[in-house]
Structures are given as structure tokens and as C-alpha cells.
Amino acid sequence: MTTETPARVRFAPSPTGVMHIGGLRTALYDWFLARKTGGQFILRIEDTDRNRYDPDAEWHIKESLKWLGLDLDEGPEIGGPYAPYTQSERLQLYQDAAERLIASGDAYYDDTTPEELAALRQRQQAAGQPPGYDNRGRYRTAEQIQESRDKGLEVVVRFKVPDHGELQVEDEVRGRLKFDLSLLQDFVILKSDGFPTYHLAHVVDDYEMGITHVIRGEEWIPSCPRHVLIQRALGISTPKYVHVPLITAQDGAKLSKRHGAQSALEYRDAGYTPDAVLNYLALLGWSPGDDTEVMSRSEIASRFEIERILSHPAKFSAQKLEWMNQQHIMKADEDELAEMMMPYLERPEEEGGLLEEIDRPIDRSIVRAMVPVLRERIKVLPDVIELIDFLFVDEVQPNPEEMIGRRMDEEMVFTSLNASIQALESLETFDGEAIEQALRGLTQSTGLKAGQLFTPIRVAVTAKRIAPPLFESIEVLGRERTIERLQRGLAIFSNYAGNRDD
RNA sequence: GCCCCGUUGGUGCAGCGGCCUAGCACGUCGGCCUUUCAAGCCGGAGAUCACGGGUUCGAAUCCCGUACGGGGUACCA
């Protein structure tokens, strides 16, 4: 492995809503790079838009990172050498930077009102011209600005973009990007409320915090020259830029509510494991270079390379995610898997948990015992519920009709039930192996085929047509309850068969 | 409109000038196994590598156009 210098990377979301999986994927790449190079993974909250601020968002972001297991080295609350890590607490820094830019002639105060801007835009549209600021504020005098201030008009600070020239930016994914500066208008760096815009704030912070790699979505490419311009004017270094491709929905459009779950925690609630989501997301925009798909987080972290990040957008496939989840469930440690299943079983019935009548906390030893046969039968964790609920209730309600399987008659049902009751009663040790031996032996003595023998038993014991393997189920249910159910099944079936004959 | 990025089977990737009669995975179809359901195993269908020009002895791979898709064009990030 090549020796790499430790990367300092930051995940810098804006607290404006739930954490989208696109953002999560970016955080993932940050984390992988930090872990692989032995660097730091930093969380920075970019709350410079007071209008869109959502007080719940920060919690949601942290909860999402925690769930995925992306541990932070620095961030709000936990702190770090560059605290604070919330931009609204760092305003002085941005204001100082803006003043420095004004002093050097790279920025200026602008009192153009929103109304004027709107009117300008309208005129441009009417004239068929491209909309954009016309840099009119460049020519304001200090006196004019003061006058506006006295009148109570709002003043912003704009960055002065060179009128012409080409600016090149090195992107780690796409190579050299070129931009024509004559097409870029002067842009706001400090808003009239004293808050910085993204452009100023993140450039200042990335520098202050020693960020080495800026990993962000490709929607930032067009404004990248602004960032480099600010850096040059401030005389600070440019970090490595890593613009990662977008994640789109099946129809190629931006992922949204319409396309199924979008927030990280929704996937948690739906029963996806963190490892599977992490694995799947990692592959959406990156590949290890060979055909390996199912990987542990440490394997991904060690194989992760910026050079292998893709430059084209990836479509999110819920189907493949399901498969990935299944793969991780099948590879998981059995004790851990049982623990992972518990919350889904325990949650209230109306939230998809076990029936209300079943007392909580539920018996985890039952779940644990069934894990080996459950794991390859579920795609998401809550799938276990309908597979094993019969083990938790006192009584089941088998449908006698279902006891008559394919190529079976009533007589066979009676034979199966009677013979199995007898066989199980006389068993010395009641474990899966003994149960299997005893019941399989019955095919000889009764002349029934396996399917004919087991179908009535399955229905009587589980009241299901689709159930986990029988022998394990019976072992976990216990001799007494199994026999009880077989007898009750027999009674129900007799009643059914009797009525049917009449 | 203008600017930027992208384009390999339905989907996600491999491919970084000859080993490609384009490989893997998901999905799909058929079979085997089998106490149900899964899992597993075997096999099939599915791509003129968006299109058109170059460069080269040779291009999915390099260059240029076109088309299509996406992104940006805010006192939002």
C-alpha cells in the first residue's frame, strides 16, 4: 500500500431538512478517505441561511452518521482544535475576510436592492438576454453607500470577478476544468444580515480548519471558480477538489420522495443494516476496480481511492439495495444479527412490530435460536416478524383447508397428525436432530411422502403455509406446545372434515 | 438562452490502444435441489460500447463535432 499523507476532510451539510442519501454518500467518501489515510473526519454545520434553517436537521444529520457508524474526529459538541464547528458561531471570521477583500479591492459594498435586481432580471428576460447581475455596484462611492445605510437600505458585500480571462481548476475526478471568467458576474459573499454566503464561508473555514480535500456533489462544479477566486484574493491555498457524481432515481431525475425512501433514517426504520447501506452507497459512484461487490466497511475503507470515483451519475436501485442487505444479513454474526432484529420485533404493532397481545420485552432467546434458519429468508430485518410470530403467541388459528396439501386427501392429514403426535411424545431428547429423525422415520411407517407428512404438521404448528423449517421451529416451540397445537389442529381438522362430509 | 459535467445490456460496475467473438453483479427466464419459503447450484435471453467524423497497422478505450441526459445560472446551500 502506498503511504499517503493523512487527509483532513469535512462533511459540511446545511441543516435544512432530513439527511438525504446523496449527502450520506458524500459523508461516506469523506469518512473512507479519512480512515484510509489516518486523517480526520470532521463535521461542520453550515447554517448560514436563516430562512431555511430547520432546528431538527442537526440532530437528524448526527443520528444518520451515527447509525451508519461514521465516527467523527471533530465537530459540534465533541469539539476539536478548530472549534466552533458551526458557522453561525464563526461570523466574525467571515466578516473579517470580507473586510480584507474590500481593503484589497477584491470586493465592494453594494446597496442594490432586491427590487432593483428583480427589475433588472425582468428587463434582461424581456430583451432576450441572459439574466445576471450587471456589476453596477462596482461604481458606488463610499458616500453613496453611507447614504443608503442612513436611509436604512440593506447593503451586501460582493466579490469583484475579473472581467475576462480563463480560470482552471484541477478536479481529482474529472481532471482540469476550465471556466471563462467573462461569463461570471460579481457575486454576494456577505449578505445584508451579516451572514456569509456559502462561497465565502466554506472557503474561509476549509482554510482555517486545514481541510485537504473538498469532497462534494458535482452540482458545485459551476461555482468552483468563485471559490478559487476568493482563495487567490485572500492569498490562501486551494484544497484538492473532489466532485462526486449525483445519485439519481430510476428515471434519471433527482432522487425525491416520489422515488421511495430518501432519508438515511428511513432505511434504518425499514430494516436495512448499516453495513449494507454503507456498502451499497459506496458502490454508487465508486468501484474497487474489480468485480468485488459485497464488502465489509473496513475492506471498503482500505480499498477506497479517489482515483476510482466515477464521473457519471448513478441510478439508485432499491432492488439491488435489498439484495445487498440480504448479503450482509447472511454474513453477519448470529448473535449480532439477533440483536439487530430485536427492535423491529419489539416496536408497537401499529409500527409493524409483533402483535400487541404479545408481552414486551420479547424473549430474545427465541429469536437467537431461530437466527440460523431466518437469515437466508429475509431481505430486510422486519421480515422476521411474520416468519416467527407463531412462536410468541399462546395459540394459533390454523386453516384446516391448508392442511390438505398437493396430492393429498383427508385421510393423509389424520395420519400425519396422529403419527407425529405419537412420535414426538415418545421422544427422549427433544432437539432438532432427534425431531427430524423421528418425523422423517414416519414416512416409512405411514407410507406418506415427506410433503404429505409435513404439510399438515406445519399448518397445525404455525398456522402458515410459508414458515421457517419445521424441525427447528418445533424444537424452539417445545414439546408441550407443539403437541398441544398438533392436537388442536387435529380437532379443528376433524370438525372441518366432518362438516364437509355432511 | 448561456456555462459545466456526463453517455458500456432494464440497472450498477469492469474495461484505461491489441488478451473484447465486450467480463462481473442485480433483475429477468428455464432447470436442479427441496417439508413450505428461501438460500444454493446449473443454464438461457439481453449491448451494432449514444451517433458521426477523425488519429492509428489497430479504438469501447485518444481527438473533434452532433444528439441525448443531468447540473448550474440567487442576499439557497
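So you know, we letter chains A, B, ... as the sequences are listed, proteins then strands, and number each from 1. Values reported hereafter were calculated over all heavy atoms of this structure, with side chains retained and with hydrogens, waters and symmetry mates removed.
- Across all strands, A:S182 comes closer than 4.0 Å to no nucleic acid atom at all (heavy-atom distances).
- Pairing for B:A45 is absent, with no Watson-Crick or G-U wobble pair whose two atom distances lie under 3.5 Å.
- By the 6.0 Å and 45° rule, A:R226 stacks over the aromatic ring of A:F187.
- Within the 4.0 Å cut-off from OP1 or OP2 of B:G12, not a single side-chain nitrogen or oxygen of A:K320 is found.
- Within the nucleic acid shown, A:R216 has no heavy atom closer than 4.0 Å to any nucleic acid atom.
- The base-pairing partner of B:U11, taking Watson-Crick or G-U wobble contacts with both distances under 3.5 Å, is B:A25.
- Contact of A:R465 with B:U36 (side chain to base): no donor-acceptor pair of N or O atoms is detected under 3.5 Å.
- Nucleotide B:C2 forms a pair with B:G72, judged by Watson-Crick or G-U wobble geometry with both contacts under 3.5 Å.
- Closest-nucleotide positions on RNA chain B for A:E436 and A:L310 were compared, and the one nearer the 5' end corresponds to A:L310.
- Residue-level contact check: A:R52 touches the bases, meaning some heavy atom is under 4.0 Å from a base atom.
- Look at CD on A:E293: it is 12 Å from P on B:C24, rounded to the nearest Å.
- In the set B:C5, B:C75, B:G1, the nucleotide with an atom closest to the side chain of A:L117 is B:C75.
- A:G289 comes within 4.0 angstrom of sugar-phosphate atoms only, judged by non-hydrogen atoms across all strands, and of no base.
- If you check every strand for non-hydrogen atoms under 4.0 Å, A:P245 touches nothing.
- Atom-to-atom, CG of A:D180 to C1' of B:C2 comes out at 11 Å; the value is rounded to the nearest Å.
- Of the candidates B:C37, B:C75, B:G70, B:C75 carries the atom nearest the A:K191 side chain, counting heavy atoms from C-beta on.
- One can place CH2 of A:W286 at 13 Å from C1' of B:A14, the figure rounded to the nearest angstrom.
- Using a 30° and 60° split on the angle between ring planes, A:H227 and A:H202 fall in the perpendicular class, above 60°.
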*Output, in order, the C-alpha distance, side-chain angles, deciding distance and verdict of ring-ring contact (aromatic ring centres under 6.0 Å, His included) for A:W286 and A:F304.*
CA-CA 8 Å; A:W286 170 82; A:F304 188 77; 5.5 Å; yes

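- Distance, A:H312 NE2 to B:U7 C1': 8 Å, rounded to whole Å.
- Contact annotation for A:I221: backbone-only contact, meaning every heavy-atom pair under 4.0 Å involves sugar-phosphate atoms and none involves a base.
- Within the 4.0 angstrom heavy-atom criterion, no nucleotide atom of any strand lies near A:F195.
- The CD-P distance, from A:Q87 to B:C76, rounds to 13 Å in whole Å.
- Among the atoms of the strands shown, only primed sugar atoms or phosphate atoms (P, OP1, OP2) are found under 4.0 Å from some heavy atom of A:G285.
- Counting any heavy atom pair closer than 4.0 Å across all strands shown, A:P313 reaches sugar-phosphate atoms only and no base atom.
- Using a 4.0 Å heavy-atom distance criterion, A:P469 is classed as a base contact.
- Between A:Y198 and A:W220, the ring planes are parallel. Angles under 30° get that label, and only those over 60° would be called perpendicular.
- Of the candidate nucleotides B:U36, B:A38, B:U11, B:U36 has the atom lying nearest to any side-chain atom of A:R458.
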*So A:V393 and A:V396, side-chain contact (heavy atoms from CB on, under 4.5 Å) or not? Walk me through it.*
CA-CA 7 Å; A:V393 295; A:V396 293; 3.8 Å; yes

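- For B:U66, the paired base is B:A50 (Watson-Crick or G-U wobble, both distances below 3.5 Å).
- For the pair A:I457 and A:S420, the tightest heavy-atom approach, listed with the atom from each and the gap, is CD1-CB, 3.6 Å.
- Between the P atom of B:C37 and the CG atom of A:D389 lies a distance of 19 Å, rounded to the nearest Å.
- The cationic group of A:R138 does not satisfy the cation-pi geometry with A:Y108, failing either the under 6.0 Å distance to the six-membered ring centre or the 45° limit from the ring axis.
- Under the Watson-Crick or G-U wobble criterion, with both distances below 3.5 Å, B:U36 is left unpaired in every strand shown.
- Donor-acceptor pairing under 3.5 Å, judged by distance alone, is present between the side chain of A:R377 and the base of B:C37.
- Side-chain N/O atoms of A:S287 include one lying less than 4.0 angstrom from OP1 or OP2 on B:A14.
- Base pairing of B:C20: no nucleotide in any strand meets the Watson-Crick or G-U wobble criterion (both distances under 3.5 Å).
- A:Q168 has its CD atom 12 Å from the P atom of B:C5, to the nearest Å.
- Across all strands shown, A:R440 has heavy atoms under 4.0 Å from base atoms, whether or not it also approaches the sugar-phosphate.
- Scanning atom types as modelled, one donor and one acceptor separated by under 3.5 angstrom connect the side chain of A:S192 and the base of B:C75.
- Remark: P of B:A25 and CD of A:Q319 are 16 Å apart, rounded to the nearest angstrom.
- Within the nucleic acid shown, A:V156 comes within 4.0 Å of at least one base atom, counting heavy atoms only.
- Along RNA chain B, the nucleotide nearest to A:F179 and the one nearest to A:L284 differ in position, and the one closer to the 5' end is contacted by A:F179.
- Contacts of A:T292 with the nucleic acid, taken as non-hydrogen atoms under 4.0 Å apart, are absent.
- Note on A:A450: only backbone sugar-phosphate atoms sit closer than 4.0 angstrom, heavy atoms only; bases stay farther off.
- Contact check on A:D206 versus A:R10 returns a salt bridge, with a Lys/Arg side-chain nitrogen under 4.0 Å from an Asp/Glu carboxylate oxygen.
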